[in-house]
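These notes concern the structure reproduced below.
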Amino acid sequence: KMYAGAGGTITNNLRALGARVISIGLMGEDGEGYELQRCLDAVGADTASMVRTGELSLGQALPPERDLAEQLGISRNSVREAVRLLEHMGFVISSQGSGNFISCNIQRNLKDSFELLMLLQRIDYHQLADLRTGLELQAALLAAERITDVQAEELIALVREMASCSSERAAHLDKQLHDTIASISGNELIIQIHRALSSTIDQFITDMRRRILLNFQTGGQLQYAHEQIVGALARRDKLQLTLAINHHFNVVNEGMERTL
């Protein structure tokens with residue numbers, strides 16, 4: 001039996017399914033990390049590297065709860081709880097009437113972790129701005145290599161609408177602009193992280209834009225930055241694109257310093 005929270009339950013379930021379990025790392029304070037390490041070692045889990053699933057593959061159905069309970073020698077309620085934990089972590093997706101399937105939904109895992117950090121005040125808007133700057137600069141540089149003429153025209157039309165619509169509509173288009181650039185980048189990891197943080201970024205964009213728009217000068221600067229970003233993408237000009245992205249976040253950061 002395992003007594004270190006979800007770690008033991010998840011490990012036993014995965015091993016019963018024929019998986020080779022290797023932990024990525026340990027979390028916890030006041031001995032929690034040590035306890036989880038001890039329990040993983042007790043069942044022979046290799047804690048040297050990443051999780052490798054052996055014969056399990058993405059989309060594969062898990063055995064029925066009754067079969068898992070028999071294999072593990074535990075109650076169906078315990079199996080059900082373990083599946084819920086795996087689903088919360090993004091490793092399993094449940095479909096009513098169809099069963100449980102192996103998944104790799106890192107968006108949910110990262111989103112929950114990020115929002116918890118915000119809730120615990122371990123990160124703030126300043127750190128979020130730093131993250132966005134690096135993430136979106138790399139996304140934009142990749143997008144400059146892959147953007148089509150049709151996509152460029154769509155972004156140009158979007159920015160034009162932003163110049164004349166309401167602040168609520170502009171905030172929505174702002175998110176759409178950044179989401180589209182991330183998608184055009186073609187980098188699945190960037191896209192996944194961007195989506196995982198979407199709810200927090202939505203709030204970030206809405207708050208910052210509302211505050212910036214209270215000042216006519218900075219509101220105009222933000223619109224100008226968006227126009228420069230899209231123009232540089234359309235020309236595939238990475239130098240001007242870098243300058244435009246940096247200008248965009250300078251405007252956001254200045255607005256943040258005045259209001260936080």
Side-chain angles (χ1 to χ4, degrees), residues 2-11 21-40 45 47-51 81-82 84-93 103-140 171-172 174-175 177-179 181-182 185 187-212 214 218 222 245-246 248-260:
M2 305 286 289
Y3 298 98
T9 304
I10 292 170
T11 298
V21 181
I22 308 170
S23 69
I24 296 174
L26 302 172
M27 298 178 62
E29 299 176 354
D30 300 327
E32 292 176 2
Y34 172 79
E35 180 68 10
L36 179 56
Q37 174 77 68
R38 184 185 66 79
C39 291
L40 288 170
T47 59
S49 185
M50 300 175 62
V51 174
E81 179 62 23
R84 280 200 295 265
L85 288 169
L86 288 168
E87 183 178 12
H88 179 73
M89 296 173 69
F91 298 140
V92 167
I93 184 171
S103 177
C104 186
N105 186 2
I106 66 171
Q107 298 175 31
R108 179 171 183 174
N109 200 330
L110 288 174
K111 174 179 175 292
D112 290 345
S113 298
F114 196 83
E115 291 183 353
L116 180 60
L117 288 172
M118 292 288 289
L119 181 64
L120 296 175
Q121 298 182 340
R122 299 296 297 273
I123 59 176
D124 55 24
Y125 273 151
H126 295 85
Q127 293 170 329
L128 183 59
D130 291 340
L131 175 61
R132 283 196 65 203
T133 301
L135 184 69
E136 298 204 25
L137 175 57
Q138 185 59 37
H172 172 77
D174 191 330
K175 177 184 182 303
L177 172 66
H178 293 281
D179 287 349
I181 292 173
S185 76
N187 185 300
E188 188 61 28
L189 187 56
I190 288 176
I191 295 170
Q192 291 278 344
I193 294 174
H194 189 275
R195 290 175 179 171
L197 304 178
S198 62
S199 64
T200 305
I201 290 176
D202 285 352
Q203 185 63 37
F204 174 82
I205 290 173
T206 301
D207 286 351
M208 288 300 102
R209 186 169 185 87
R210 177 178 56 81
R211 293 169 183 174
I212 289 172
L214 292 175
T218 54
L222 187 62
I245 291 286
N246 288 333
H248 175 277
F249 284 102
N250 284 338
V251 173
V252 172
N253 291 339
E254 289 173 3
M256 199 160 45
E257 291 296 333
R258 285 193 296 271
T259 56
L260 293 181

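In what follows, residues are counted from 1 in the order of the sequence shown.
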| said: Quick check on Ile93: does its CD1 atom have over 12 non-hydrogen neighbours (other residues, nucleotides or ligands) under 6.0 Å away? | reply: no

| remark: By side chain to side chain donor-acceptor pair (under 3.5 Å), Gln138 pairs with (sequence neighbours left out) none

| message | List the residues meeting side-chain contact (heavy atoms from CB on, under 4.5 Å) with Leu117, not counting sequence neighbours, and say none if there are none. | response | Arg122, Ile123

| said: Quick check for you: to the nearest 0.5 Å, what is the distance between Leu135 atom CG and Ile191 atom CD1? | reply: 10.5 Å

| field | From Ile193 atom CD1 to Glu188 atom CD, the distance as rounded to the nearest 0.5 Å | value | 10.5 Å

| said: side-chain contact (heavy atoms from CB on, under 4.5 Å), that's the test. Do Arg132 and His178 meet it? Break it down for me. | reply: CA-CA 10 Å; Arg132 283 196 65 203; His178 293 281; 3.7 Å; yes

| How close do Ala139 and Ser185 get, heavy atom to heavy atom, and via which atoms? | O-CB, 3.4 Å

| field | Euclidean distance, Ile190 CD1 relative to Ile181 CD1, rounded to 0.5 Å | value | 12.0 Å

